[in-house]
Amino acid sequence: MKPKVFITRQLPDAALEMIRPVCEVEIWPEELPAPRGVLLAKVAVLDGLLSMLTDKIDAELMERAPGLKVISNYAVGVDNIDIPEATRRGIIIGHTPGVLTETTADLAFGLLMAAARRIVEGDRYVRAGQWRTWSPMVLLGRDIHGATLGLVGLGRIGTAVARRAASFGMRVLYHSRTRRPDAEEQLGLIWADLDTVLREADFLSLHTPLTPETRHLINARTLNLMKNTAILVNTSRGGVVDQAALYAALQEGRLAGAALDVTDPEPLPMSDPLLTLPNCVIAPHIGSASIATRTKMAEMAAANLLAGLRGEMPPHPVNPEAWQKG
Ligand code: DGY
């Protein structure tokens with residue numbers, strides 16, 4: 001009997017071509033995620049689940065899935081999954097690190113540039129018919145070259161952003177739990193405590209996973225430390241930023257701008273006050289969304305899933321300790 005697998009959204013064909021020959025597969029066909037009740041019912045008979053960051057995989061769901069061996073998340077971030085609970089139950093989790101690093105760093109830097117040079121505002125200005133002549137004082141932004149970039153988190157994506165920043169002639173400060181002497185030497189980065197990074201940054205880019213410790217790391221207190229000319233860029237997880245505090249800072253001119261690829265919640269409701277601010281650029285969580293990268297992520301997620309189903313350690317496990325238990 002082939003193992004039973006549920007894929008919670010349509011994926012690039014590359015993944016399906018790997019999974020279909022060896023599994024009994026069901027794919028959720030809709031654009032929106034399967035409702036919670038549907039997911040809870042489906043997992044009852046599953047051996048493997050290929051999930052998205054929009055699926056909440058918690059103790060209740062795992063309790064309903066007695067045969068579940070592997071959860072392969074189509075993302076590098078796994079904050080949608082209760083990892084300790086999965087480990088306790090011997091369910092191995094796979095994710096997709098590495099392949100999306102450069103693509104996500106491209107977007108982070110693109111958002112930084114868009115906010116600094118007011119590109120989105122410029123586009124709206126043109127489309128609204130306001131461009132009547134070249135103008136000395138219209139849509140003046142901020143220089144990127146020579147500015148200080150503050151990075152919170154220096155994992156793969158943070159490092160890739162630092163590389164881009166160095167080649168733009170930026171000074172780069174970073175704060176992370178673990179110092180990275182290699183990156184300091186190769187890219188000229190400077191480690192500093194978080195408050196110093198916040199105080200000195202002209203641009204602050206977030207690259208930390210969402211954990212209980214990083215939830216609302218950017219809040220009223222930390223925003224107050226930032227320059228009122230600074231711009232915040234977030235391509236990590238929306239929950240790292242206290243959005244009410246961010247809105248207040250932007251609205252009161254205590255922060256010059258923000259560029260967010262991630263929000264809390266997602267999608268951002270159309271009534272959210274951030275959407276009223278011209279100095280806030282918002283993208284719909286597209287950090288890894290290039291054709292090539294999403295295809296590589298699909299192949300990686302399929303490889304993790306299939307290894308877990310065969311009882312092998314997935315190539316990219318999140319909780320390898322679960323494997324011994326399973
Ligand atoms: C991730 O992988 O965690 C991104 O947020 C989506 O690709």
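Indexing begins at 1, ligand by ligand and atom by atom, following the structure's order.
Note on residues 256-284: pairs passing side-chain hydrogen bond (donor to acceptor under 3.5 Å, both in side chains), not counting sequence neighbours, are Glu266-His285. Applying the side-chain hydrogen bond (donor to acceptor under 3.5 Å, both in side chains) definition to pairs two or more places apart or across chains, those involving residues 295-310 are Arg310-Glu312.
A distance of 11.0 Å separates CG in Asn224 from CZ in Arg199, rounded to the nearest 0.5 Å.
Contacts of Arg127 classified as salt bridge (Lys or Arg N to Asp or Glu O under 4.0 Å), with partners at least two apart in sequence or in another chain: Asp123.
Considering all non-hydrogen atoms of both residues, Leu154 and Arg180 come closest at O-NH1, 2.8 Å. Minimum interatomic distance between Phe203 and Ala147 (heavy atoms only, all atoms of both residues): CE1-CB, 3.7 Å.
Within 4.0 Å of ligand 1, protein heavy atoms belong to Leu53, Ala75, Val76, Gly77, Leu100, Arg237, His285, Ser288, Met297, listed by chain and number.
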